[in-house]
Amino acid sequence: MKRRYIKKIILCLAVFFLSAGIFAESKSFYSNASKETQALIKKADGLVAKGQYCSALSCFENIPDNEYTIYKKNEILIENYIQTEDFVKFYLKDLKKGETLDELRVNCTQELTAYDFDAEKIIIEYESNNGSSFVLNLALANYYYSFLSCYGSYLGDYAEDLTEAIYENYVSAFENGCFDNKSLYYYGCFLTENKRYADAEKVFASLTELDKKNESVWYGYAVALYYQGKFETAADSVKTSIKLSSNSKDNAYILNKNVLLADIYFNDGKYSEAENVLIKAMKKYPQSEYLLPFLGEIYLLQGKTENAGNAFNQYIENFHQSDDVLGTIVNVCRYNSYDDFLIELLEENCEKFSDDFYFSAACYETLHFIYMEKHDFNKAEYALNKSEEFYLKVPDIQGVEEFFSELRSNFQQTVESASE
């Protein structure tokens, strides 16, 4: 019984402009490169690890392009750019002490170094002169996947063509043993996002052997297992990922892992285990908007209505200014057939935050529709009047009179039909 109200937060797997962590070195991947190329790649990787991205790219200025240098330059650019123009021009800089890519991507007023790099054009031209390359299949798959991750919502039908091209290039590389650990991780994420869960499981399973201490690998493996209903192995995998991230400062990512673990237990019917995970997570992440409604639902399913009420009341108190609060609570309670509990909860909170006119108005509006369904017309009319009263107090809101005129008309028609 998958929960349908919680936002999707466990599939944020492979966003290229967010670090997936440090991957174990894939020594065999560059084994066919010349010694000079291998030395330059090693030097560039060291500079990337220090945030010296422009310096890393400069390592390849005095060497003719080969499949491995193209691959490495593509990797540096798509993972570490600060700004980009249509994914053919990338802007980077060497980071100074205290600077982070995340912050610079949000607000950067500094001068950046521009790099023209149309990977598709470069790879096609190289292969026309030198023959096909599985290494460049992999580079192109990563490039397309990064492009799709950034611009997918704007691509329309082209997104489907691009998805197919990504898959074909990954398969070509994978079936010929051409992968480094990071690209193998991206391939697993791509398969998961495209609901090829069994294939993703195989990819991540192989990665857990190649890169056993990478928390992202175990997390990706857990997600692929979760969507196949393999809950026991999924729980073990995400717990391994949590353990490996014990020193991480990425609180949002760790929170996602805890929510995933709770969701695994939830869908496996292990409500007490899910409850324990969420209670521990709440102590560490009290500002999370996800934990309290999830905990409230788990309490309901165990018949702990008093605890559920406390969880939802706390959720409302902490987040009543969020647009999602009422919808989340209504979906949880109605999906699990707790209508009477929901009515009592809403009645209790309608005017608890009377200075939050919008919340009170929406709360009464929700009650109005619930009472209408139950044909409790006296309470429905009262809730309708109170909702309008509070909406009229909301600053800069328009169309209130017209909206409630229509509601009242519907209300009268329903009452008349019910009395016939």
Side-chain angles (χ1 to χ4, degrees), residues 14-17 26 29-45 47-48 52-94 101 112-152 154-155 158-159 161-180 182-187 190:
V15 180
F16 279 76
F17 46 81
S26 307
F29 181 71
Y30 296 107
S31 60
N32 291 326
S34 69
K35 290 184 178 180
E36 180 186 16
T37 296
Q38 289 185 44
L40 290 173
I41 287 173
K42 185 175 182 179
K43 181 180 179 181
D45 284 342
L47 290 165
V48 167
Q52 303 301 289
Y53 307 118
C54 296
S55 297
L57 288 167
S58 70
C59 292
F60 306 106
E61 288 178 349
N62 299 316
I63 182 175
D65 269 338
N66 60 59
E67 57 190 331
Y68 293 102
T69 60
I70 293 172
Y71 180 88
K72 181 54 66 172
K73 287 193 286 186
N74 178 68
E75 177 186 278
I76 294 170
L77 288 165
I78 65 176
E79 292 182 358
N80 302 295
Y81 68 85
I82 294 171
Q83 297 172 5
T84 181
E85 293 179 15
D86 299 325
F87 248 61
V88 295
K89 178 172 283 190
F90 299 85
Y91 296 87
L92 288 79
K93 76 181 296 288
D94 286 343
L101 285 176
L112 303 173
T113 302
Y115 296 88
D116 292 312
F117 192 85
D118 184 339
E120 185 179 60
K121 182 179 179 180
I122 290 169
I123 289 171
I124 290 173
E125 183 177 340
Y126 180 87
E127 290 191 325
S128 68
N129 295 322
N130 298 278
S132 61
S133 163
F134 298 126
V135 171
L136 295 181
N137 283 135
L138 190 57
L140 196 58
N142 287 343
Y143 177 80
Y144 284 153
Y145 187 21
S146 182
F147 179 77
L148 183 64
S149 297
C150 292
Y151 296 105
Y154 305 101
L155 298 179
Y158 178 59
D161 297 334
L162 198 59
T163 298
E164 187 61 31
I166 294 167
Y167 182 67
E168 289 176 357
N169 278 282
Y170 272 141
V171 168
S172 180
F174 184 66
E175 289 185 347
N176 288 279
C178 184
F179 261 99
D180 64 346
K182 186 184 293 185
S183 293
L184 192 59
Y185 169 78
Y186 291 151
Y187 181 38
F190 171 78

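Residues Val171 and Tyr187 are in side-chain contact: their nearest non-hydrogen atoms beyond the backbone lie under 4.5 Å apart. Two residues are said to be in side-chain contact when any heavy atoms from C-beta on lie closer than 4.5 Å; Phe190 and Tyr185 fail this criterion. Between Phe134 and Glu67 the shortest side-chain heavy-atom distance does not fall below 4.5 Å. Tyr126 places a side-chain heavy atom less than 4.5 Å from the side chain of Asn66. In this structure the side chain of Phe87 reaches within 4.5 angstrom of the side chain of Ile78, judged on heavy atoms.
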Practice prompt. Evaluate the side chain to side chain donor-acceptor pair (under 3.5 Å) criterion for residues Gln38 and Tyr68: first the C-alpha distance (whole Å), next the side-chain angles of each, then the deciding distance (0.1 Å), finally the verdict.
Written response: CA-CA 9 Å; Gln38 289 185 44; Tyr68 293 102; over 6 Å; no

Fill in: Val88 vs Asp116, side-chain contact (heavy atoms from CB on, under 4.5 Å): CA-CA, chis, key distance, verdict
CA-CA 6 Å; Val88 295; Asp116 292 312; over 6 Å; no

Worksheet entry | side-chain contact (heavy atoms from CB on, under 4.5 Å) evaluation trace for Asp65 with Lys73 | CA-CA 10 Å; Asp65 269 338; Lys73 287 193 286 186; 2.9 Å; yes

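Remark: side-chain polar atoms of Ser172 are not paired, donor with acceptor, to backbone N or O of Glu168 under 3.5 angstrom. The main-chain N or O of Leu140 is never found under 3.5 Å from a side-chain atom of Asn169 such that the two would form a donor-acceptor pair.
Here Phe60 contributes atom CZ and Thr69 contributes atom OG1; the two are 7.0 Å apart, rounded to the nearest 0.5 Å. Going from atom CG of Asn137 over to atom CD of Glu127 covers 6.0 Å, rounded to the nearest 0.5 Å.
In terms of heavy atoms, Cys54 sits closest to Asp94 at N-OD1, 2.9 Å.
For the side-chain contact (heavy atoms from CB on, under 4.5 Å) with Lys72, the lone residue among Leu57, Leu77, Asp45 that qualifies is Asp45.
Taking the six-membered ring wherever Trp is involved, the centroid distance between the rings of Phe117 and Tyr143 does not fall below 6.0 Å.
The closest side-chain donor-acceptor pair between Tyr170 and Asn142 falls under 3.5 angstrom. Under 3.5 Å, the side chains of Tyr71 and Ser183 contain a donor-acceptor pair of N or O atoms.
Classification of the Tyr145-Tyr186 ring pair by plane angle, with boundaries at 30° and 60°, yields perpendicular.
Other residues, nucleotides and ligands place no more than 12 heavy atoms under 6.0 Å from the CD atom of Glu125.
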